[in-house]
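Here's the structure we're looking at; comments come further down.
Hydrogens, waters and symmetry mates are skipped; everything else that's a heavy atom, side chains included, is used.
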Amino acid sequence: MAVLHKEFTEFNKKIRLSESRREMLKASRKDIKRKIRKWFKDNKPTELQPKFHGQGSFEMFTGINPIPMKDDDGNTLLKFDLDFGIYFIEKEEEDNKQTVETWHNWVYQSVEDHTSKKPVRKTTCIRVIYSDGHHIDLPIYYKHDDIIELAHKSKGWIESDPKEFYEWFNNIKNAQLERIVRYFKAWKNYKEINNSNLKFPSGFELTILAANNYVEDDNDDKAFRETVRKIDTELNKPNGFKCLRPTTPKGEDVFYNYTISRKNNFLSTLKSLLNDLERAKDDKNFKKASEILRNNHFGDRFPLGADKDEEEKSNNLGKSLGAASITPKPYGY
Ligand SMILES: [Mg+2]
């Protein structure tokens with residue numbers, strides 16, 4: 001039985017969003033904020049000036065380095081995904097709520113020439129795409145009487161609170177749960193690149209599934225495997241294929257619009273992940289065990305284990321595990 005805790009934590013170091021990347025993305029965010037501010041200042045009255053708030057994985061420290069891709073000219077693309085909320089806050093005795101369409105158009109115009117690519121009009125945001133591959137999603141919110149609503153192009157104004165969500169996660173998480181969310185995201189990244197027919201749950205949805213089904217263990221391989229098992233069990237119960245939003249709009253099933261094929265593809269890929277995590281555990285050779293996960297689920301960012309059997313290593317194991325478990329990583333390390 002090969003314990004791959006060491007390999008998993010090395011994998012985490014490779015996929016975790018590095019501090020320098022974080023700074024780069026922050027600078028990009030600051031830059032677009034300046035751009036949008038200026039456009040609204042030049043084109044709209046004082047009561048229609050935006051505020052900004054970060055959201056998503058960036059605020060939960062669960063972001064990962066994407067697997068590098070090549071564009072048609074052979075340039076390397078790093079498809080970092082950043083979410084940056086734009087808020088319009090209603091003052092007393094004022095009603096500046098425009099149609100969803102109007103806000104989307106204004107934000108679109110404000111960033112239209114920000115990069116060489118045209119922004120993309122998405123259902124819940126305007127997406128600005130950069131030539132190095134990263135993009136910034138700009139969802140638009142209107143706040144009145146302590147209610148925050150998202151400008152949703154097909155549903156209209158819907159209640160939403162992204163800050164509440166990342167605070168929910170940050171309150172319940174520990175360093176291991178952060179790592180487990182990263183393992184899920186790295187798995188999604190690898191599987192989707194290698195099979196364009198697969199459309200996995202979003203990072204947001206995987207975060208909810210991981211948090212709700214998290215099984216703690218001293219070893220990351222076991223914690224991840226048992227979390228996968230619990231998700232698999234839950235989703236396969238009769239009427240169990242759902243993912244309930246834990247914060248406003250609380251209880252909404254975020255899987256509501258999944259097609260049957262998207263659902264079945266995800267369930268079967270999840271099952272194969274679980275089976276391979278089992279096979280890796282049962283293989284006593286570290287190299288062979290790690291290869292199962294490298295070849296089928298994570299790619300070569302997952303480290304190759306040593307070509308030796310578990311027994312030879314068991315004496316050192318206690319020591320290294322002990323060391324790992326007494327160094328809880330601080331928030332946002
Ligand atoms: Mg996004």
Side-chain angles (χ1 to χ4, degrees), residues 2-25 56-68 78-81 166 169-170 172-193 200-201 203-204 206-211 213-231 270 273-274 276-277 280-281 286-287 289-306 313 316-317 319-333:
V3 174
L4 295 178
H5 174 71
K6 187 166 80 68
E7 286 73 12
F8 266 92
T9 51
E10 269 173 40
F11 182 43
N12 171 62
K13 282 183 200 148
K14 243 182 224 173
I15 60 175
R16 186 180 70 199
L17 191 61
S18 68
E19 204 43 53
S20 60
R21 284 291 174 195
R22 217 181 137 77
E23 288 307 315
M24 177 207 100
L25 294 172
S57 61
F58 207 72
E59 309 304 318
M60 299 183 276
F61 294 88
T62 53
I64 62 161
N65 297 314
I67 295 171
L78 287 169
K79 299 192 170 183
F80 289 101
D81 165 20
Y166 73 70
F169 182 77
N170 288 342
I172 58 170
K173 76 175 177 186
N174 58 24
Q176 185 176 57
L177 178 55
E178 272 184 10
R179 294 195 296 273
I180 284 182
V181 171
R182 289 190 204 107
Y183 302 148
F184 275 113
K185 287 185 177 181
W187 173 59
K188 166 186 166 74
N189 190 193
Y190 179 76
K191 297 301 280 188
E192 285 182 340
I193 283 176
F200 267 40
F204 166 75
L206 290 172
T207 303
I208 297 175
L209 292 177
N213 298 287
Y214 170 49
V215 180
E216 198 171 351
D217 192 88
D218 283 346
N219 291 332
D220 273 22
D221 58 336
K222 185 169 177 192
F224 183 60
R225 183 173 66 244
E226 295 313 314
T227 302
V228 170
R229 190 191 315 281
K230 210 167 153 198
I231 293 173
L270 186 73
L273 173 65
L274 179 59
D276 284 339
L277 287 165
K281 181 195 71 170
F286 289 99
K287 181 161 176 272
S290 67
E291 274 170 345
I292 295 171
L293 302 182
R294 268 167 78 99
N295 297 342
N296 302 341
H297 298 284
F298 295 130
D300 58 14
R301 297 198 293 183
F302 193 84
L304 257 190
K313 216 188 165 190
N316 298 324
L317 194 64
K319 227 192 277 172
S320 70
L321 288 183
S325 62
I326 55 165
T327 47
K329 295 286 198 300
Y331 174 80
Y333 62 92

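Listed by chain and residue number, nothing satisfies the salt bridge (charged side-chain N to carboxylate O under 4.0 Å, His left out) test with Asp81 (two or more places apart in sequence, or in another chain). Phe200 is linked by a ring pair (Phe, Tyr, Trp, His ring centres under 6.0 Å) to Trp187, Phe266, counting only residues two or more places apart in sequence or in another chain. Shown here are the salt bridge (charged side-chain N to carboxylate O under 4.0 Å, His left out) partners of Asp217, two or more places apart in sequence or in another chain: Lys222. Under the rule for a side chain to side chain contact (heavy atoms under 4.5 Å, CB included), the partners of Pro303 that lie at least two apart in sequence or sit in another chain are Glu7, Glu10, Phe11. With sequence neighbours left out, Tyr190 forms a side chain to side chain donor-acceptor pair (under 3.5 Å) with no residue at all. The salt bridge (charged side-chain N to carboxylate O under 4.0 Å, His left out) test applied to Lys14 returns no partner, not counting sequence neighbours. Contacts of Arg294 classified as side chain to side chain donor-acceptor pair (under 3.5 Å), with partners at least two apart in sequence or in another chain: none. Shown here are the side chain to side chain donor-acceptor pair (under 3.5 Å) partners of Thr9, two or more places apart in sequence or in another chain: there are none. Qualifying side chain to side chain contact (heavy atoms under 4.5 Å, CB included) partners for Thr62, counting only residues two or more places apart in sequence or in other chains: Ser57, Met60, Phe169, Glu178, Val181, Lys185. Phe80 pairs by the ring pair (Phe, Tyr, Trp, His ring centres under 6.0 Å) definition with nothing, not counting sequence neighbours. With sequence neighbours left out, the side chain to side chain donor-acceptor pair (under 3.5 Å) criterion links Asp220 to Gln176, Arg179, Tyr183. Scanning for salt bridge (charged side-chain N to carboxylate O under 4.0 Å, His left out) contacts around Glu192 gives Lys188, with sequence neighbours left out.
Here the two rings, on Phe224 and Phe184, have centers that are under 6.0 Å apart.
Atom CG in Leu293 sits 11.0 Å away from atom CG in Leu304 (nearest 0.5 Å). The line from CZ of Arg182 to CG of Asn12 is 5.0 Å long, rounded to the nearest 0.5 Å. The CD atom of Glu216 sits 9.5 Å away from the OG1 atom of Thr227 when rounded to the nearest 0.5 Å. One finds the CZ atom of Arg229 at 4.0 Å from the CD atom of Glu226 (value rounded to the nearest 0.5 Å). Going from atom CD1 of Ile292 over to atom CG of Asp276 covers 6.5 Å, rounded to the nearest 0.5 Å. In this structure, Ser290 OG and Asn295 CG are separated by 8.5 Å, a value rounded to the nearest 0.5 Å.
Leu25 places a side-chain heavy atom less than 4.5 Å from the side chain of Leu17. Two residues are said to be in side-chain contact when any heavy atoms from C-beta on lie closer than 4.5 Å; Asn65 and Leu78 fail this criterion. At a threshold of 4.5 Å between non-hydrogen side-chain atoms, the residues Lys281 and Asp221 do not count as touching. Inter-residue side-chain proximity for Phe286 and Lys6 is flagged as unmet; no heavy-atom pair is nearer than 4.5 Å.
Closest of all the heavy-atom pairs between Ile180 and Ala210 is CG2-CB, 4.3 Å. Residue Asn189 comes nearest to Arg301 through the heavy atom pair OD1-NH2, 3.6 Å, listed as atom of the first residue, atom of the second, then distance. Across all their heavy atoms, Ala280 and Leu4 have their closest contact at CB-CD1, 4.2 Å. Pairing each heavy atom of Asn174 with each of Leu177, the nearest pair is OD1-N, 2.7 Å.
Taking the six-membered ring where tryptophan is involved, the planes of Phe8 and Phe302 are perpendicular, since the angle between them exceeds 60° and thus also 30°.
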Next item on the list: Report the C-alpha distance between Leu270 and Leu274 in whole Å, list the side-chain angles of each, state the deciding distance to 0.1 Å, and finish with yes or no for side-chain contact (heavy atoms from CB on, under 4.5 Å).
Entry: CA-CA 6 Å; Leu270 186 73; Leu274 179 59; over 6 Å; no

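Open room surrounds NZ on Lys79; 12 or fewer heavy atoms of other groups in view lie less than 6.0 Å from it.
For Asn219 (side chain) and His5 (main-chain N/O), no donor-acceptor pair under 3.5 Å exists by modelled atom type. Side-chain atoms of Lys191 come within 3.5 Å of backbone N or O of Asn296 as a donor-acceptor pair.
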